[in-house]
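Worth knowing before you read on, the calculation uses all heavy atoms, side chains too, and leaves out hydrogens, waters and symmetry mates.
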Amino acid sequence: GQRVDEPVRIWEEAYSFSRDFGQKGTYVEAISAIDIALWDLWGKSLGRPVHALLGGAFRSEVHAYATGCYYGESYTNRAAMLHELEEEAASYVTSGFRSLKMKIGLLDIETDGERVRCVRDAIGPDRNLLVDANHAYNPADAIRMGRHLEASNVLWFEEPVVPENRAGYRRVRDSLDIAIAGGETEFTRYGFRDLLVGECVDIIQPDLCVSGGFSEFVKIHALAS
């Protein structure tokens with residue numbers, strides 16, 4: 001059988017087999033799972049962590065952010081919604097988080113802008129505020145929403161438009177003084193190459209379990225660098 005210490009070669013063989021019908025989506029997700037398992041097996045066989053096989057640890061600590069401030073049951077009641085947002089956001093500060101990512105995109109732009117301002121007031125000016133729209137907007141509305149985010153000193157605007165709309169990403173990025181993030185729904189080095197060459201985003205966010213596993217992540221990282 002195949003040697004488990006050759007995950008990169010196995011990745012290339014699997015992708016070449018499915019290239020005609022699986023350049024994105026479920027086929028790449030399946031290859032990702034196999035690739036992660038092979039790197040894990042290789043590391044276990046050598047008694048080494050995967051990060052050592054990838055070239056060694058770059059840092060010993062990472063800066064974590066809290067993810068919260070979703071839409072609760074009270075989102076139809078403005079006063080209750082803002083009160084709950086304020087309490088939840090403040091709790092992350094109490095827990096020691098320096099950064100918080102919240103969701104937008106379910107309500108109208110003015111109301112979501114108010115939600116963002118509420119969270120900013122609750123965490124104070126010295127914490128990082130990140131915002132994720134989960135591709136809720138068209139480019140024009142994303143830019144309108146982005147004006148609210150700029151006013152609240154948001155660090156990045158994640159997935160402002162649908163992933164297929166590369167031109168829309170560029171339009172939003174060119175129109176706002178705020179970092180644009182994306183890539184959770186992108187696949188392989190080829191998809192991220194197009195995001196980067198097309199100047200669509202400032203921050204790429206490959207999902208290891210979707211974009212191709214460790215073997216492909218190394219190539220995506222090299223592109224980003």
Side-chain angles (χ1 to χ4, degrees), residues 2-15 23-24 28-68 92-93 95-103 123 126-134 149 153-160 163 166 169 173 177-225:
Q2 300 276 16
R3 290 175 45 154
V4 297
D5 61 350
E6 297 178 324
V8 176
R9 181 177 64 80
I10 294 171
W11 193 100
E12 294 292 344
E13 289 182 358
Y15 183 75
Q23 297 173 25
K24 295 178 181 287
V28 178
E29 291 177 0
I31 293 172
S32 302
I34 295 168
D35 182 80
I36 292 169
L38 289 174
W39 278 95
D40 183 56
L41 286 170
W42 188 17
K44 283 182 169 62
S45 71
L46 298 174
R48 301 282 286 167
V50 171
H51 74 73
L53 306 180
L54 293 171
F58 184 75
R59 56 174 65 87
S60 59
E61 297 178 348
V62 295
H63 181 83
Y65 62 76
T67 299
Y92 297 124
V93 174
S95 298
F97 286 101
R98 300 291 306 174
S99 301
L100 166 63
K101 185 165 79 174
M102 66 176 294
K103 295 292 182 179
I123 67 175
D126 299 326
R127 267 40 179 216
N128 294 320
L129 180 57
L130 326 171
V131 168
D132 186 359
N134 287 124
L149 306 187
N153 193 28
V154 168
L155 185 64
W156 81 53
F157 189 3
E158 183 173 334
E159 291 192 323
R166 301 280 172 76
Y169 262 99
R173 183 170 179 258
D177 295 320
I178 185 172
I180 304 301
E184 284 184 334
T185 56
E186 193 51 82
F187 300 86
T188 74
R189 80 200 82 154
Y190 307 112
F192 283 93
R193 172 202 60 196
D194 294 343
L195 276 181
L196 292 166
V197 172
E199 298 184 338
C200 299
V201 294
D202 299 284
I203 300 166
I204 62 168
Q205 299 171 302
D207 183 334
L208 201 70
C209 297
V210 170
S211 58
F214 288 113
S215 295
E216 200 66 357
F217 175 77
V218 172
K219 299 179 178 67
I220 293 168
H221 180 272
L223 283 171
S225 69

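The salt bridge (charged side-chain N to carboxylate O under 4.0 Å, His left out) test applied to E186 returns K24, R166, not counting sequence neighbours. Residues that satisfy the side-chain contact (heavy atoms from CB on, under 4.5 Å) test with E184, not counting sequence neighbours, are E158, E159, Q205. Under the side-chain contact (heavy atoms from CB on, under 4.5 Å) criterion, A14 pairs with I31, sequence neighbours left out. With sequence neighbours left out, T67 forms a side-chain hydrogen bond (donor to acceptor under 3.5 Å, both in side chains) with no residue at all. Remark: S211 pairs with no residue by the side-chain hydrogen bond (donor to acceptor under 3.5 Å, both in side chains) rule, at least two apart or across chains. Judged as a side-chain hydrogen bond (donor to acceptor under 3.5 Å, both in side chains), and not counting sequence neighbours, the contacts of Y65 are K101. Under the side-chain contact (heavy atoms from CB on, under 4.5 Å) criterion, P163 pairs with H135, T185, not counting sequence neighbours. Residues satisfying the side-chain hydrogen bond (donor to acceptor under 3.5 Å, both in side chains) test with Y169, not counting sequence neighbours, are none. Shown here are the side-chain contact (heavy atoms from CB on, under 4.5 Å) partners of D207, two or more places apart in sequence or in another chain: C209, V210.
The list of salt bridge (Lys or Arg N to Asp or Glu O under 4.0 Å) pairs with a residue in residues 43-54, not counting sequence neighbours, reads D40-K44. Within the structure, the salt bridge (Lys or Arg N to Asp or Glu O under 4.0 Å) test picks out the following pairs touching residues 210-225 (sequence neighbours left out): R189-E216. Within the structure, side-chain hydrogen bond (donor to acceptor under 3.5 Å, both in side chains) pairs that include any residue of residues 190-202 comprise R173-D202 (at least two apart or interchain).
The aromatic rings of Y15 and W11 lie parallel to each other, with less than 30° between the two planes, well short of the 60° mark.
For the pair N134 and K103, the minimum side-chain heavy-atom distance is below 4.5 Å. Side chains of I180 and I178 form a contact here, defined as non-hydrogen atoms less than 4.5 Å apart. Between F187 and E29, some side-chain heavy-atom pair lies under the 4.5 Å cut-off. Residues P7 and W42 form a side-chain contact, since some pair of their non-hydrogen atoms from C-beta on lies under 4.5 Å apart.
Rounded to the nearest 0.5 angstrom, L149 CG and L155 CG are separated by 11.5 Å. The line from CG of N128 to CG of N153 is 8.5 Å long, rounded to the nearest 0.5 Å. One distance of note links CZ of F157 with CG of L130; it measures 12.5 Å at 0.5 Å rounding. Put simply, CD1 on I10 and CD1 on I34 are 9.0 Å apart, with the number rounded to the nearest 0.5 Å. The structure places CG of L208 at 5.0 Å from CZ of F214, a figure rounded to the nearest 0.5 Å.
Residues R59 and E61 share a closest heavy-atom pair of CD-O, 2.7 Å. What you find for L100 and I123 is that their closest heavy atoms are CD2-CG2, 4.1 Å. A pairwise comparison of heavy atoms in V93 and R127 identifies CG1-NH2, 3.3 Å as the closest pair. Taking all atoms of both residues into account, the shortest heavy-atom contact from F192 to G183 is CZ-O, 3.2 Å. The shortest heavy-atom contact between I220 and P206 is CG2-CG, 4.2 Å. Minimum interatomic distance between A181 and W156 (heavy atoms only, all atoms of both residues): CB-CD1, 3.8 Å.
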Where do W39 and L54 land on the side chain to side chain contact (heavy atoms under 4.5 Å, CB included) test, with the steps shown first?
CA-CA 9 Å; W39 278 95; L54 293 171; 3.6 Å; yes
